Amino acid sequence: MPGRTVELRAERVVRVAGRRHILRDVSLAAASGDLVAVLGRNGAGKTTLLSVLAGRQVPDGGRVVLTIDGRIASGTAVRAATAMLPHDLLIYPDLTARENLAFFMTLAGQAPDAGQIASVLDRIGLARDADRVVRQFSRGMQQRAALGRLLVSGADVWILDEPTTGLDEVGRRWLLGLLSDQVRSGRLVLMSSHHPSEVASCATRTLVLESGRVVLDGPGGADGAAAAFTRMDGGAP
Amino acid sequence: MPGRTVELRAERVVRVAGRRHILRDVSLAAASGDLVAVLGRNGAGKTTLLSVLAGRQVPDGGRVVLTIDGRIASGTAVRAATAMLPHDLLIYPDLTARENLAFFMTLAGQAPDAGQIASVLDRIGLARDADRVVRQFSRGMQQRAALGRLLVSGADVWILDEPTTGLDEVGRRWLLGLLSDQVRSGRLVLMSSHHPSEVASCATRTLVLESGRVVLDGPGGADGAAAAFTRMDGGAP
Amino acid sequence: MATGNLGIRIGIVLAALAAAAVLVALYLVFFVAPLEATMGIVQKIFYFHVGSAINMTVAFGVCALAGATYLVSRPMSARVASIADAVGIATAEVGVMLGAIVMVTGPLWAKVAWGTYWTWEPRLTLSLMVFLLFIAYLALRAYAGTDRFGRGVAAGLSILGLPGIYFIRVAVERWGGAHPQVVYKGGLTHPGMRQAFFASVIAMLLVTATLVLLRALIERRRQQVDALFLEIDRTTG
Amino acid sequence: MQAWRQFVAIVRKDLVVEFRTREILLTMALFSMLLVIVFAFAFLSDPTRARDYGPGIIWVTVLFASTIGQNRLFDRERENGCLWSLLLSPTGAGTIFLAKATTQFLFTVLMELPTLLLILVFFDLAVVRPGAFVGALLLGTIALSLVGTLFSAMLMNARMKEVLLPLVTYPLLVPVVIAGVKVTSVAVGAPVAEDPELWLRFLLGFDMIFAVATWFLFGRMIRA
Amino acid sequence: MQAWRQFVAIVRKDLVVEFRTREILLTMALFSMLLVIVFAFAFLSDPTRARDYGPGIIWVTVLFASTIGQNRLFDRERENGCLWSLLLSPTGAGTIFLAKATTQFLFTVLMELPTLLLILVFFDLAVVRPGAFVGALLLGTIALSLVGTLFSAMLMNARMKEVLLPLVTYPLLVPVVIAGVKVTSVAVGAPVAEDPELWLRFLLGFDMIFAVATWFLFGRMIRA
Ligand code: HEM
Ligand SMILES: Nc1ncnc2c1ncn2[C@@H]1O[C@H](COP(=O)(O)OP(=O)(O)OP(=O)(O)O)[C@@H](O)[C@H]1O
Ligand SMILES: Nc1ncnc2c1ncn2[C@@H]1O[C@H](COP(=O)(O)OP(=O)(O)OP(=O)(O)O)[C@@H](O)[C@H]1O
Ligand SMILES: [Mg+2]
Ligand SMILES: [Mg+2]
């Protein structure tokens, strides 16, 4: 909801798989107005960290805290305030794009509003294909449909895992602009990315993971992005 | 196999879904030494075209011809000469990376060679994780494993659908370099991409699709890429 | 098959012949053939029951032939393949319809003759299995839509149907049963009954031929309409 | 009110998808018909004993078909990780559970209609006590839906879901099947000395206890 | 030679994966045990008639369990679109078909061992003609594997695979089940007047004709 201030804190979060660590004591604090780029080489733990922050995975140690206007939120309030776009898009393949959006609006606790849905469909570039089932969409079109879910959710915190995947160049530019707008209007956005240019164009902060550990928690912008990607350079291809 | 010259030709290829066209009279000819970047907005038909060229989808009209050293190949010879990396990676999630590569080498008709496999694993940056099952890999690691499949296949034609998806920046640079090398050593590579910089850095030709039609068949390089992406600009996000 | 006026003209002639034959058969059945001693009027079911049963078998046999033609001609001639495809769907649908008649008249008769709607008797089982096999054919076609892969599978099923029918027949014959075999065993001595019987079989044969021809023509028309839609989409889309 | 809207939205979504693909109902109906036919073959030695094994076949068929329907219903939620879109939304766990159980119940009942008809005709059974017959089926189906939904949701992402689901649920459901067979035997007039009232009351009690228990457990188990 | 290496590689891959996950064998074995137990409950009214319905239960169980195994085996090829990696490789269609059918046969046989043991013990059956008993099972399993593999591969990407598979294969397999039940009845000493030789020869004929037919159709159907 607009006008609220949210803060998302991870406190020494640990996540293990078998006898290996995936996340080692990851701490982080971010608030409304931040766009945190979560960076790292393949297998560094970005997806795992974002899943933990979104509540999809439970930390094996440490905790994740969300405060809304200074008060710690829990349960339904946390879920109403958070929306996630993971690799597996969480949209129903046998519903049309329009039906998916109406469904997710209801789930988020709002009455579905045909006008708003139509305008979202227009923004994500699916106006023409709105009434085809998502299963028949091309990869980029599915990514767009999943982005629509965030737009109707009304969440304060957006968590996106490589959200530009599959988008064409125009769509990518639009998305990065959209995220910047969201952040300016008081949302908190966390996203992972492998593209320096994307990070430079919209991130206000960068967080670099290496083998599940935070090795850099720096500023955003062009300089921040350059510093972060330099930190990750080298090693095996 | 090195030293052979292959030519891949699509002649007025048509592909339909119900009563709509996905590909409309797509013609194209490419030969050893070409790196063709297949470009287009989301839903333009890139994935479909690449699938048809790789033999995964059958054209509803027109035909695809592969000639090896001037002679038209068919059946087994075509399949031995072609390898594809689609969105769904075609690797076995419950085999380790090493087992996958050995298996695909055998399928391709070669005796699996532990030394060669180890060196491929090293090149794709999975040496450390070679004996873990692919299911546990992060997204980028799975993409790397699937790239390994091409490296052991010995195919003359590589067909890759957005091959840099999920790769980190170092991996992406490595892959683009690898593709350039392959092309120089006489392979024919076709790949789709949404990133001007990728196309500029390695493509020798660009092919732009729009609603299933070829609207531009131009040169590669920085200028070619710029021209192609300008052609695609505008319209809905 | 002619799809223009010739096909329709043949259809009209066949339909007229069929109508005449049906009238003759009805006359013979109800006014010439004597009332059977023990079962009375109910025995009249016999003429429809057996006529449908024999023609069902004929229709399914033709369906298998069409399936083989489809699979063999598909790589060579699109025209022959789509005609065979139209014949396949037509014979399967008409055959299943005849099967439904058998499956309704049989049990009705059985309730009177044997005091139960159904017994697990060889002949009954045989017809049920064959009936189910071709329902599966129709289901495959329905879910495959216009997909050529699905059509190939359906064609394969109809071909396997032939040895399938043979084995089901052998299997059920090995275990004896209560279903009458008057015709083959040289019963049906009364000349009036014989005439009525042959007339009804021939009438059903003509009806079947008419329906198959018309259904196949409809399918050809549908194929042509699809082609027209595609042509419009190709030139305008 | 909001919970009600969410409940309706979830049930409606499943019905819309089903109407579009007709997958689950067809799967269940066809599977159960095949089951009946195969049973008929396997046991056809003595058709006069249909009243003895008819009720058993009815309940085995209902049990298997409902398990299959349950698997398919949750396969749908598994594709694209969709169940997570429910679980990560502000919808209450209880609402999600009741919505999924309701859909499952509807599908199972719809599948039972043609199947029962088929069994009654094929095995030539006459229902002499329709009230008990229908009552046992409805109460039994509720039990199957509650237990099945709870564990399908739990096991959705388990590797061996398709084994684990029957392995976990069937032991819980065996009493339901036994009670169902008893009532149905009486209902088709088999010469057994059972009191159907007693067994029906048992089924009712089972339903009530499991409704509360599964509803309570769902929230605790799924959002750890 | 190369085809042989490819054949071995495909079979070995499936065995390695199975050894790692043990999914399919466990699924099949547990499912068939549950089936047997449910049957026992549903039909336990008259244990003295075990020889009458025992053979039926054996074959119903084998048929269902092999269908389930087949589904899972091809689910594996479906994940990540893997079957395409086989079909797009220079491996011959016949090799792929024989390899998958062989795996399916091996898994089914392995599943049958514990299940049969269970049935024989539970229903207190004695095998008086072991040769006929084993022969019918082997020949029947070959038939199930051939027909099942052909259509599982074909239907792998069909939307309604799980319905379509039994719908398409069961009518073709009914004679196999009938023959199997007949031989097994004789083999467990049921008082039926059947000639097991005849039925065994029937099964052999079925296997031979379907081996040729399915092998031939596989290539034509899958690579359009
Ligand atoms: C209950 C369902 C029944 C089914 C599915 C059924 C099926 C069939 C089939 C498939 C045929 C054709 C056989 C062939 O072409 O060789 C046939 C023929 C025939 N049926 Fe039935 N039938 C049923 C019930 C009955 C009953 C109750 C009677 C009479 C008591 C009956 C009397 C006949 C006769 C007389 C023939 C002529 C076949 C011959 O003489 O060989 N059927 N039936
Ligand atoms: N279920 C699991 N079991 C075992 N290891 C796992 C599991 N899930 C993830 N891992 C391991 O955890 C590490 C981090 O995975 P994660 O998906 O978070 O990486 P990532 O930073 O998102 O990588 P990418 O850039 O490739 O997406 C990887 O080494 C991965 O192999
Ligand atoms: N099975 C199908 N049924 C109907 N339409 C389909 C099917 N597959 C693809 N399409 C349609 O064909 C068009 C082209 O799809 P394709 O996947 O080839 O696009 P693409 O160029 O690869 O797009 P992207 O950049 O998003 O990957 C899209 O409009 C898509 O909706
Ligand atoms: Mg990741
Ligand atoms: Mg694509």
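Chain A is the first sequence line, chain B the second, and so forth, proteins listed ahead of strands; every chain is numbered from 1. Just so we're clear, the structure is a prediction, and the values are computed from it rather than from any experiment.
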Residue among B/L167, B/L175, B/T47 with most heavy-atom pairs under 4.5 Å to chain A: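 Counting heavy-atom pairs under 4.5 Å, the top option is B/L167.
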Intermediate values then yes/no, salt bridge (Lys or Arg N to Asp or Glu O under 4.0 Å), A/R139 and B/D88: CA-CA 11 Å; A/R139 183 187 217 182; B/D88 49 353; over 6 Å; no
Side chain B/E99, main chain B/T96, donor-acceptor under 3.5 Å: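 Present.
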Exam field: side chain A/D129 to backbone A/R132, donor-acceptor pair closer than 3.5 Å: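 It does not hold such a pair.
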Closest-packed option against chain B by number of heavy-atom pairs under 4.5 Å, given A/H195, A/Q136, A/R173: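 The candidate making the most pairs under 4.5 Å is A/H195.
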Top contributor to chain B interface from A/R123, A/E162, A/M141, A/R144 [non-hydrogen pairs under 4.5 Å]: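 The candidate making the most pairs under 4.5 Å is A/R144.
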Toward chain A, the part of B/L126 with a non-hydrogen atom under 4.5 Å: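 For B/L126, neither part sits under 4.5 Å from chain A.
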Structural part of A/T165 lying under 4.5 Å from a heavy atom of chain B: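 Interface part for A/T165: side chain.
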Interchain contact, A/D161 with chain B, by part (heavy-atom threshold 4.5 Å):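 For A/D161, neither part sits under 4.5 Å from chain B.
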Distance (rounded to the nearest 0.5 Å) between B/K46 NZ and B/L50 CG: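 Reported value, rounded in 0.5 Å steps: 9.0 Å.
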Whether B/Y92 and B/F103 hold their rings parallel, tilted or perpendicular, with breakpoints at 30° and 60°: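 Rings of B/Y92 and B/F103: perpendicular, over 60°.
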